[in-house]
> 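Dropping a structure here in structure tokens format, bear with me for questions.
Small disclaimer: the values here were computed from a predicted structure and weren't measured.
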Amino acid sequence: MRTAIYGIGSLGTIIGAILTQKGYSVDLIDSYQENIDALKENGATITGFMDFNVPVKAYTPDQLEGTYDLVFLLTKQTTNALELPKLLPFLHEESVVCTLQNGIPEQSVSKIVGAKRTVGGVVGFGATWQKPGVSELTSTKDVVENFAFEIGELDGQITNRIIEIQQILNHVGVTKVLPNLMGIRWSKLLMNATFSGMSAALGCTFGEVLDDDKAMFCLAYIADETIKVCHASGYQMVVMNGLNMSDLELASSTDINNKLPMYHKVWDAHRRLKASMLQDLEKGRPCEIDFINGVVSQTGNSLGINTPFNDKVIELVKSAEQRKGINSFSYLKQFDELINHIKAEVSV
């Protein structure tokens, strides 16, 4: 099966490097010429919780030839309309595009490459792009080995092709095939909306959020809003990284202390991680906030469900994006009105 990864940022670099190191042939494709040049000249370098370098096959889209049977899509959703058409000449009728992007991208991807050629999945570990050809694994090696990917067909069927994709991704780490793709997507959306959203809004690592009581209060409500919108949409969340994400739903703010051990169980392994959205803000680039917290807010609005904490994250991230800067942790005070409102309701 001729395979490529399209989008060689932090995760694409690590996935491509591990697959190559394990002996699986994969082409790394990216539109950023400097990145491709570095990968060709120096190989892919992985730092952090893994430390190795491996020669890889790297190309820009204009250098491609022939067609691919399988493409793992790891570009930003913000670039789908620009990047996916470049891929079309290199797909045949039975090609499969497995989107591993953040958010819920399957609809937009399938509109361009075709629903029959689209499958989806989520990545269970995090990384930080350091420079062309170099990516830091910021989740522990144990997380990669045991919770690497969860994938599925759009219609939930367990097909031969999804099993074959599972076998390929198992070279990186344990990959589960689940029939509830949208449950997977909403569960990963919760992971991104909470810690990635707060990391981007406050210019910090996941660990800094974990260590601050006020930040965790806000984060617990971001999760609660996401769960309530997911359930109202007709979907059920799944177990991810050993936790059923629906268990984070709140009956009231008094539940939060009971939920904290669950957050630490899953996210302590990701303490060093800095959201890819924050990395984009640091580079002065548009980030994926509309495709992460924005999905919760937009869907909630359509269903009549208030999402004030997700709305605030979007507001803070967009303000940083517009001024091409980043926020500091002091921006946490921007949540005070929401927090005080909840606490006032509890005291009544």
> Determine, step by step, whether Ser95 and Val97 satisfy the side chain to side chain contact (heavy atoms under 4.5 Å, CB included) criterion, reporting the C-alpha distance in whole Å, the side-chain angles of both residues, the deciding distance to 0.1 Å, and the verdict.
CA-CA 7 Å; Ser95 295; Val97 175; 5.8 Å; no
> Give a yes or no on this: more than 12 heavy atoms of other residues, nucleotides or ligands lie within 6.0 Å of atom NZ of Lys283.
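Result for NZ/Lys283: enclosed.
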> Tell me yes or no: between the side chains of Ser297 and Asp311, is some donor less than 3.5 Å from an acceptor?
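Yes, because at least one side-chain N or O of Ser297 sits under 3.5 Å from a partner of the opposite role on Asp311.
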> With a 3.5 Å distance limit and no angle check, can you tell me whether Ser110 reaches the backbone of Ala115 through a side-chain donor-acceptor pair?
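Side chain of Ser110 to backbone of Ala115, a donor-acceptor pair under 3.5 Å: no, none is there.
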> Could you tell me whether Asp268 and Arg271 make a salt bridge, using a distance below 4.0 angstrom between a side-chain N and a carboxylate O?
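Yes, charged N to carboxylate O under 4.0 Å.
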> With Lys343 as the cation and Phe217 as the aromatic partner, state whether NZ or CZ is under 6.0 Å from the six-membered ring centre and within 45° of the axis.
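Ring-cation test returns yes.
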> Run the side chain to side chain contact (heavy atoms under 4.5 Å, CB included) test on Asn102 and Gln77 for me, step by step, so that the C-alpha distance in whole Å, both residues' side-chain angles and the decisive distance to 0.1 Å come before the verdict.
CA-CA 7 Å; Asn102 289 326; Gln77 275 209 70; 5.6 Å; no
> Verify the distance criterion only: is there a donor paired with an acceptor across the side chains of Thr205 and His270 at less than 3.5 Å?
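Result is no, nothing qualifies.
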> Go through it in stages, so that I can follow the logic: the residues are Met198 and Phe335, the test is side chain to side chain contact (heavy atoms under 4.5 Å, CB included), and I'd like the CA-CA distance, side-chain angles, deciding distance and then a yes or no.
CA-CA 11 Å; Met198 289 295 279; Phe335 289 91; 3.9 Å; yes
> Among Ile326, Leu332, Val313, which residue satisfies the side-chain contact (heavy atoms from CB on, under 4.5 Å) criterion with Leu202?
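Exactly one pass, corresponding to Leu332.
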> Have Tyr24 and Thr3 got a donor and an acceptor in their side chains that come within less than 3.5 Å?
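Thr3 and Tyr24 do have a side-chain donor-acceptor pair below 3.5 Å.
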> Is there side-chain contact between Phe309 and Asn293, with heavy atoms separated by less than 4.5 Å?
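When only atoms from C-beta onward are counted, Asn293 and Phe309 do not touch, as no gap falls below 4.5 Å.
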> Examine distances only and state if a side-chain atom of Arg2 and a backbone atom of Thr67 form a donor-acceptor pair shorter than 3.5 Å.
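Side chain of Arg2 to backbone of Thr67: a pair is present.
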> Evaluate whether atom CG of Asp213 has more than 12 neighbouring non-hydrogen atoms of other residues, nucleotides or ligands under 6.0 angstrom away.
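No, not enclosed.
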> Just by distance, with hydrogens left out, do Asn80 and Gln101 show a side-chain donor and acceptor under 3.5 Å apart?
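Asn80 vs Gln101: donor-acceptor pair found between side chains.
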> Are the aromatic ring centres of Phe206 and Phe195 under 6.0 angstrom apart?
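Judged by ring-centre distance (under 6.0 Å), Phe206 and Phe195 do meet the cut-off.
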> Return yes if a side-chain donor-acceptor contact under 3.5 Å exists between Gln33 and Asp37, otherwise no.
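A donor-acceptor contact under 3.5 Å links the two side chains.
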> So for atom CG, which belongs to Asp155, do other residues, nucleotides or ligands contribute more than 12 heavy atoms lying within a distance under 6.0 Å?
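More than 12 heavy atoms, drawn from other residues, nucleotides or ligands, come within 6.0 Å of this atom.
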> Going by side-chain hydrogen bond (donor to acceptor under 3.5 Å, both in side chains), Lys274 matches just one of Gln279, Glu208, Glu282, Glu136. Which one?
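Testing each of Gln279, Glu208, Glu282, Glu136 against Lys274, the sole residue satisfying side-chain hydrogen bond (donor to acceptor under 3.5 Å, both in side chains) is Glu282.
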> Can Val174 be reached from Met191 by stepping across I, L, V, M, F, W or Y side chains whose heavy atoms are under 4.5 Å apart?
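No.
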> Output yes when a side-chain donor or acceptor of Thr307 lies under 3.5 Å from a complementary backbone atom of Val296, and no otherwise.
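Such a contact is absent between Thr307 side chain and Val296 backbone.
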> Do Asn340 and Asp336 have a side chain donor and acceptor closer than 3.5 Å?
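Side chains of Asn340 and Asp336: no pair found under 3.5 Å.
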> Would you kindly confirm whether Val144 and Ile184 end up in one hydrophobic cluster when ILVMFWY residues are joined by side chain heavy atoms under 4.5 Å apart?
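The answer is no; the residues belong to distinct hydrophobic clusters.
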> A quick test of your reading: do over 12 heavy atoms of other residues, nucleotides or ligands sit less than 6.0 Å from OH of Tyr235?
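No, not enclosed.
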> More than 12 heavy atoms of other residues, nucleotides or ligands under 6.0 Å from NZ of Lys324: yes or no?
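Open: at most 12 neighbouring heavy atoms sit under 6.0 Å from NZ of Lys324.
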> Using a cut-off of 6.0 Å, state whether more than 12 heavy atoms not belonging to Glu145 lie near its atom CD.
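It does: Glu145 CD has more than 12 such atoms within range.
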> With distance as the sole test, does Asn35 use its side chain to make a donor-acceptor pair with the main-chain N or O of Ile8 at under 3.5 Å?
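Looks like yes, one N/O pair under 3.5 Å.
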> Within a reach of under 6.0 Å around CD of Gln63, are more than 12 heavy atoms found that belong to other residues, nucleotides or ligands?
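Atom CD in Gln63 is crowded, with more than 12 foreign heavy atoms closer than 6.0 Å.
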> Given the rule in the side chain to side chain contact (heavy atoms under 4.5 Å, CB included) test, do Met245 and Val238 qualify, once you have shown the distances and angles that lead to the verdict?
CA-CA 6 Å; Met245 295 298 161; Val238 300; over 6 Å; no
> Does NZ or CZ of Arg272 lie under 6.0 Å from the centre of the six-membered ring of Phe49, at an angle within 45° of the ring axis?
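The answer is yes; both the distance and angle limits are met.
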> Determine whether Leu28 and Ile168 fall in the same hydrophobic cluster, where Ile, Leu, Val, Met, Phe, Trp and Tyr are linked whenever their side-chain heavy atoms lie under 4.5 Å apart.
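Linked, Leu28 and Ile168 end up in one cluster.
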> Taking the side chain as everything from C-beta on, heavy atoms only, tell me whether Ile46 gets closer than 4.5 Å to Val54.
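Answer no - side chains too far apart.
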> Do Gln166 and Thr175 have side-chain N/O donor and acceptor atoms under 3.5 Å apart?
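The criterion, which ignores hydrogens and geometry beyond distance, is not satisfied for Thr175 and Gln166.
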> Scan Leu181, Ile162, Ile163 and name whichever one has a side-chain contact (heavy atoms from CB on, under 4.5 Å) with Ile151.
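Of Leu181, Ile162, Ile163, side-chain contact (heavy atoms from CB on, under 4.5 Å) with Ile151 is met by Ile162 alone.
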> Can you measure from CG (Asn192) to CE (Met277) and round to the nearest 0.5 angstrom?
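So the gap between those two atoms works out to 7.0 Å.
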> Is Asp247 salt-bridged to Lys259, going by a charged N under 4.0 Å from an acidic O?
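Not counted as a salt bridge, because no side-chain N and carboxylate O are separated by less than 4.0 Å.
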> side-chain contact (heavy atoms from CB on, under 4.5 Å) with Tyr221: which of Ile256, Thr194, Leu338?
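In the set Ile256, Thr194, Leu338, the residue that makes a side-chain contact (heavy atoms from CB on, under 4.5 Å) with Tyr221 is Ile256.
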> Do Val71 and Val26 belong together in a cluster built from hydrophobic side chains that touch within less than 4.5 Å?
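Val71 and Val26: separate clusters.
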> For the OG atom of Ser135 and the CD1 atom of Ile15, what is their distance to the nearest 0.5 Å?
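If we round to the nearest 0.5 Å, Ser135:OG and Ile15:CD1 are 9.5 Å apart.
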> Which label fits Tyr32 and Trp129: parallel for a plane angle under 30°, tilted from 30 to 60°, or perpendicular past 60°?
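Rings of Tyr32 and Trp129: tilted, 30 to 60°.
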> Within this structure, what is the CD1-OG1 distance for the pair Ile36 and Thr60, rounded to the nearest 0.5 Å?
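Between Ile36 CD1 and Thr60 OG1, I get 6.5 Å after rounding to 0.5 Å.
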> Let me confirm one number: the CG-CG distance from Leu248 to Asp224, rounded to the nearest 0.5 Å.
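Here the rounded value is 9.5 Å.
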> Going from CG on Asp69 to CZ on Arg161, what distance comes out if it is rounded to the nearest 0.5 angstrom?
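Atom-to-atom, Asp69:CG and Arg161:CZ are 12.0 Å apart.
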> Are the side chain of Asn327 and the backbone N or O of Leu316 linked by a donor-acceptor pair below 3.5 Å?
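A pair under 3.5 Å: yes.
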> Under 4.0 Å between a side-chain nitrogen and a carboxylate oxygen: does that hold for Glu225 and Lys228?
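No, this pair does not count.
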> Side-chain donor-acceptor pair under 3.5 Å between Thr99 and Glu106, yes or no?
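No donor-acceptor contact under 3.5 Å links the two side chains.
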> Under a plain distance cut-off of 3.5 Å, with no hydrogens placed, do Lys57 and Thr20 share a side-chain donor-acceptor pair?
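Thr20 vs Lys57: no donor-acceptor pair found between side chains.
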> Please indicate whether Lys76 has more than 12 foreign heavy atoms, meaning atoms of other residues, nucleotides or ligands, lying under 6.0 Å from its NZ.
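Enclosed.
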> Donor-acceptor pair, distance only, cut-off 3.5 Å: does the side chain of Asn306 make one with the backbone of Pro308?
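No; judged by distance alone, with no hydrogens or angles, the pair does not exist.
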> Drop me the distance from Asn310's CG to Cys218's SG, to the nearest 0.5 angstrom.
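So the gap between those two atoms works out to 11.5 Å.
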> Same hydrophobic cluster for Val119 and Phe90, using side-chain heavy-atom links shorter than 4.5 Å among ILVMFWY?
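No, Val119 does not connect to Phe90 through the hydrophobic network.
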